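Order of the sequence lines sets the chain letters (A, B, ...), proteins ahead of strands, with each chain counted from 1. Because the structure is predicted, anything quoted here is derived from the model rather than measured.
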Amino acid sequence: MALKIVKGSIDRMFDKNLQDLVRGIRNHKEDEAKYISTCIDEIKQELKQDNIAVKANAVCKLTYLQMLGYDVSWAAFNIVEVMSSSKFTYKRIGYLAASQCFHESTDVIMLTTNQIRKDLSSPNQYDTGVALTGLSCFVTPDLARDLANDIMTLMSHTKPYIRKKAVLIMYKVFLKYPESLRPAFPRLKEKLEDPDPGVQSAAVNVICELARRNPKNYLSLAPLFFKLMTSSTNNWVLIKIIKLFGALTPLEPRLGKKLIEPLTNLIHSTSAMSLLYECVNTVIAVLISLSSGMPNHSASIQLCVQKLRILIEDSDQNLKYLGLLAMSKILKTHPKSVQSHKDLILQCLDDKDESIRLRALDLLYGMVSKKNLMEIVKKLMLHVDKAEGTTYRDELLTKIIDICSQSNYQYITNFEWYISILVELTRLEGTRHGHLIASQMLDVAIRVKAIRAFAVAQMATLLDNAHLLTGNTQRNGICEVLYAAAWICGEFSEHLENPMQTLEAMLRPKVATLPGHIQAVYVQNAAKLFATVLKGEEGNTDGTAAQEASQLMIDRLPLFVQSANLEVQERASCILQLVKYIQKLQQKDVEVAEEVDALFAGELNPVAPKAQKKVPVPEGLDLDAWINEPPSESESEDEQPKAIFAKEEPKHSRPRHTEVDEKELARRREARKQEQANNPFYIKASPSSQKVYQEAPGVEHIPVVQIDLNVPLKVPGLPMSDQYVKMEEERRQKERAEKKKKEKKKRKEKRSGRGKKHDSAPESEEDITPAHMVDIVTEEMPENALPSDDDERDPTDPHKALDIDLDRPLADSEKLPVRSHRAAEAQKSPTDGETENATLQEPKKKNSKEKREKKRDKERDRKKSKEEKKKKKHKHEDKEEDLLGGQADEPVLQSEETSQVAEPPTSSSTTAEVSDLDFWLSNAPVPSNTQEAATVAAAAPEPSVTAPDSEPDEPKDTEMEETKSSKHKKKKQKKEKEEKEKKKKKKHHHHHHHSDGAGEESVQNGTVEEEEPLPPMSNYCLLAENSYIKMVYDIQGNLQDGSQVVVSVIFENKCSSFLKSMEFNVLDSLNSKLQRPEGSGPHDGLVVPFQLPPGVSNEARFVFTVQSIVMPQKLKGTLTFIVKNEDDSTHEKLDFKLHFTCTSYLITTPCYSDAFAKLLESGDLKSSSLRLEGVNMPFHHLLARICFHHHFSVVERIDSCASMYSRSIQGHHVCLLVKTSAQTVSIDAKCDEPTLLGNVLDEIKQTFSQC
Amino acid sequence: MIKAILIFNNHGKPRLIRFYQYFSEDMQQQIIRETFHLVSKRDDNVCNFLEGSDYKLIYRHYATLYFVFCVDSSESELGILDLIQVFVETLDKCFENVCELDLIFHMDKVHYILQEVVMGGMVLETNMNEIVAQVEVQNRMEKSEGGLSAAPARAVSAVKNMNLPEIPRNINIGDINIKVPSLSPF
């Protein structure tokens, strides 16, 4: 009853919810599909309702059905509707559904851009979170481009919950929109030091992911990561960082050296197995990168191997597995240390877990030596016999071959043994690796000349017993070895004892059941054998044997002439005709043997796999040019039958398509590879070539008539490998005995054979000489070609696009597009208390209203919006701002959160940034945490090209540049270049340089919108001028010494005469003194260390000592010089006044927001404020001016509000909070020295009153 | 990077699938089948890793469920194993003694929990308390939003459950861990 009432009143409540759906499906086990289809019909009805709750419920059910494999993309639009619900509950359902079924080609995705942007800026952090999570799953290039800036803003959100999500999603954005990487990177980097461990971990995660793909671009972050590694206690973060270091060390071995110690410490101290394991892994990577040129790291290796042994011995299979995995890495470089654990590894071969057995197999590969190869292979052969399931057995087989053939058969001392192993392997039933064995047989027979006779004998036996191998050809790839056997017998038939018998074996009717490509080889090599038989019978007078051979050929070949396989057919009919002709000649008693033999004369040399590729293209040959006119459409159709033909026979017929496009080329390359693989003339030694062989699809597709022969798979008469093991043992013993004798006789006798190579190796290893002197033929390569591995990266790899140099300063074109008609809303959200910007933006918005209306349609014109953007947001210069940009108001808000986190402020983070990688790596102690040290060090290697008295200025100059670009090397070069240029046209250059710098900086801002370029700025102001000379100067504080400032003066010769003997002198005051060289009096002038030809300018630097810096000062001075004309010279002088502003005592010092917040909080600072009216310049210009003229750096900036910081040479902190609205700029300032602050503010005021 | 997270039961029935790169529904189902095939034939006492060419499967088997993470080489094997543990323990906290039925009937909630652990294929949070706290706040939000409309819905679903006495019978009790479905308010 109650039920009815409820049902009547709210009908929709009886729509199935998710639980009902699940229950229903479980109740309809028999007709599940039918039930679900009715449910889908219901869902379709529900989706038509207006009620969002009903829709959300329907979408939720669809998400479940999607999991069961139902395509729900038809409801994409409804999902978008639910996503845009204002209720969190429904929104979350919508985003979940979207994340499950949206992808790049979902067309409704483009409708979501605005909705997502709105959600990202929602005041509810969980709306934002849900949107970020959803977006991370279906972000498209368009979404990434449109939302990159919004997400970047979120990276500085007040809530760590949002920050960490925003940081993580940036990786997806980078992948889809690689242009965003460079603008966003500084902020991402900043997040590495976020106070919240979750955010920090997210940033580490993203950077590790980026760095893994393009490690070289991230080397400069190594110091920062190093610091994190030594300070972090979060195992997740540590694991990531340590893994990252593993990727970086191969690029920078010095980094490895630095890492060894902390890693070893971690290995000793950690209790977390996961961390221990990663540490060991990275230590191994380090050791690999150091493998040469590093004295002694045996302790580290021993430690690793020891720890790994503990893992392998652990009862936990996971640890065992990983231990073996890591062990195999050590093996590559330090096989000796692993070899001592052979027992353990052989033990693992018997493990019940197949993964572990496979890992152990991998290890065996590197553990073999000449001494133990036979023993190990014997053990593996036992496993082969025991192995159940073909996968593991095949794996064993390939491993045996890998082990034996590695590094050019280095460990094989007895090739007879190896051939017999290969022959034994042919007894495996059902293996897929027949071709692998075949290629080994070919390789050995061709390259080891001494073994040919033996090999030929073995192959002849194989051919004789071919019926045993072809037992069940349908699923038996082993008949591939017959290919090799036939070829070897044919090619090296001179070694055959009884060629006639082999010839007969090769022409048996059964052969016709073999795959076509094998038959073809049979036919061809039968002809070779035939030639050998004829040659052998030449001397005999009766010649019956020869005639018998001809008759045999004539009898048997017609079978092959009828072959369905074209290759077989063609070869057979050619040879048949040839033999018929020979027979005629034979009957006339003509001596033909020699001529027949000449058909197959000539030695075949092995060719290196890459030899063909390395043949240089002859000059003047354009491989891409058409030889004939390109074929018309119809012509290419004509060729289609050939393509079909090629498909049938991919092995031997080359497709003759003339259209050369990428795919076609790739296909041809593939076909060629395949052909090479099957072509005995292309013998490949490297394991990779075997892989290529293995991948050749042709073999499986060739239909083979099945013959069922249930004969035991023992090839009679074949020698067993065990015999050879014994024989080899005996041989070795004998050899040893002989050697001892010999050594007694002649101690100095040289060792024989290949034993010469490594004299340092232990005796037991090298005493073993190969059974026969094998001459391993090396493969042929074109001249000057190196068999290097120049594998290119997959061009479709999305990470390729992220191979971006992150140290290069940003260029104008690289800014993130910002969609602006939402900007006002978007900007409000991240910071709660920010209203004044909105008001500021109001009037400006009006300007762009027209444009905005045009933009209502979805297709957005980026250029236009850029224009709009520049009116909305302003940018300012200085790179630091990029790192910190975002929230001017935040420091205060954040300070509460951050105050408890012990975070080494400014200095250390600047160190990381400023100090350069080389310095960090080359210096044994970790750089001290003071900025001075770092900068001095960075400056130290600079060659001081300028005059000696200018030297003190160097560090400062460096410091300035340091802030612009963090890449030291570049800088160094740049600097050197500058120095050179300076000599030529001093003044010009300086102007240029500074405006350049400003240009760069303006781009590097956190907010990245298009804006007017900054006007060129220069700090150089006029000192004095007359008709001969003009002096401009700039004063900057000296970083190293709190009582020094450096005055750079540019002297420009304005006249047409030569200026020389310039002397610069000032009248010292009590407070400020010109530093003069020792021994000169207090009133002596300083000689300017250059002369000025007409029209030339140059710069000299003068150091002044100051005591108090709180007040501006003026110093009077004089420059005296000689004007030299062709005939006469005159003494001239010029008076000037040097104005030391308080600004000149400030030094641009970057500061991080958290340190800044702390500073403000400390309460030691006195405040003051300034109001500027009628400043009619964009905010970013304003900031740029303050930064440039007054040596400030931007700590953070949000819209029209920015915090700035600077420090005096005597360590006073100066903090500014600059706000602008309309044309009024208000500056609230704090400083620990009120007088200084007052003067600085006055100077700022003056700067702006001038413009 | 985590490429995919699959949860299926001992019979290969998917309980939650999360792919971090796009595959069509058919492909997804095939991947689930293949993964199940690979994982299910392994004993419980063998290692929890399976290596493919450029990815690896790391899984854990709990009673009736397999939790399989497909990851690439940038992830630490043991780390992911721990992560699975964290995820399962979080589920356990959020559902109070989680069992397969919780996952069956509350796939959406499991997704929401997973979203707090892994985002877009990258590990977001590993601190269980933090994860649980965030999930709970969101659940509270959902409840408060539910307001009036949710109350009758709850009543109805209670009625529905009363009407279906056969529910417990339909549950395959294959494992002692299984309990009668908790009909927690939706």
Side-chain donor-acceptor pair present, [X], [Y], cut-off under 3.5 Å:
X: A:Thr133; Y: B:Gln115; value: no
X: A:Tyr90; Y: B:Glu145; value: no
X: B:Glu116; Y: A:Tyr161; value: yes

When you measure from the side chain of [X] to the backbone N and O of [Y], does any donor-acceptor pair fall under 3.5 Å?
X: B:Glu25; Y: A:Asp71; value: no
X: A:Lys172; Y: B:Gly120; value: yes
X: A:Gln100; Y: B:Ile17; value: yes
X: B:Arg18; Y: A:Ser99; value: yes

Checklist line | Point-to-point distance, once rounded to the nearest 0.5 Å, from CG of B:Leu78 to CG of A:Asn235 | finding: 11.5 Å
Check: If you round to the nearest 0.5 Å, how far is CG of A:Leu18 from CD1 of B:Ile104?
Finding: 11.5 Å
Margin query: Taking OH in B:Tyr55 as the centre, count heavy atoms belonging to other residues, nucleotides or ligands within less than 6.0 Å. Is the count above 12?
Written below: no
Check: Heavy atoms under 4.5 Å from chain A: which residues of residues 29-42 of chain B carry them?
Finding: B:Gln29, B:Arg42
At a heavy-atom separation under 4.5 Å, does [X] approach chain B through its side chain, its backbone, both, or neither?
X: A:Ile169; answer: both
X: A:Ser315; answer: neither
X: A:Lys243; answer: side chain

Is it the backbone or the side chain of [X] that comes under 4.5 Å from a heavy atom of chain A, or both, or neither?
X: B:Val123; result: both
X: B:Asn127; result: neither
X: B:Gln134; result: both
X: B:Ser24; result: neither
X: B:Leu83; result: both

Next item on the list: State, with a plain yes or no, whether a side-chain heavy atom of A:His103 is found less than 4.5 Å away from one of B:Phe23.
Entry: no
Note to self: Which residue is it: A:Asp316, A:Leu319, A:Asn318, A:Leu322? I am looking for the one with a side-chain contact (heavy atoms from CB on, under 4.5 Å) to B:Cys47.
What the structure shows: A:Asn318
Checklist line | Evaluation steps, salt bridge (charged side-chain N to carboxylate O under 4.0 Å, His left out), between A:Arg212 and B:Asp72 | finding: CA-CA 11 Å; A:Arg212 197 166 64 90; B:Asp72 66 15; 3.0 Å; yes
Notebook entry, point to check: What class does the angle between the rings of B:Phe49 and A:Tyr321 fall in, given that below 30° is parallel, 30 to 60° is tilted and above 60° is perpendicular?
Noted result: tilted
Item checked: chain A interface, residue from B:Asp43, B:Val118, B:Asn45 that has the most non-hydrogen pairs under 4.5 Å -> B:Asn45
Checklist line | Which of A:Asn124, A:Val130, A:Val167, A:Leu358 touches chain B most, by non-hydrogen pairs under 4.5 Å | finding: A:Asn124
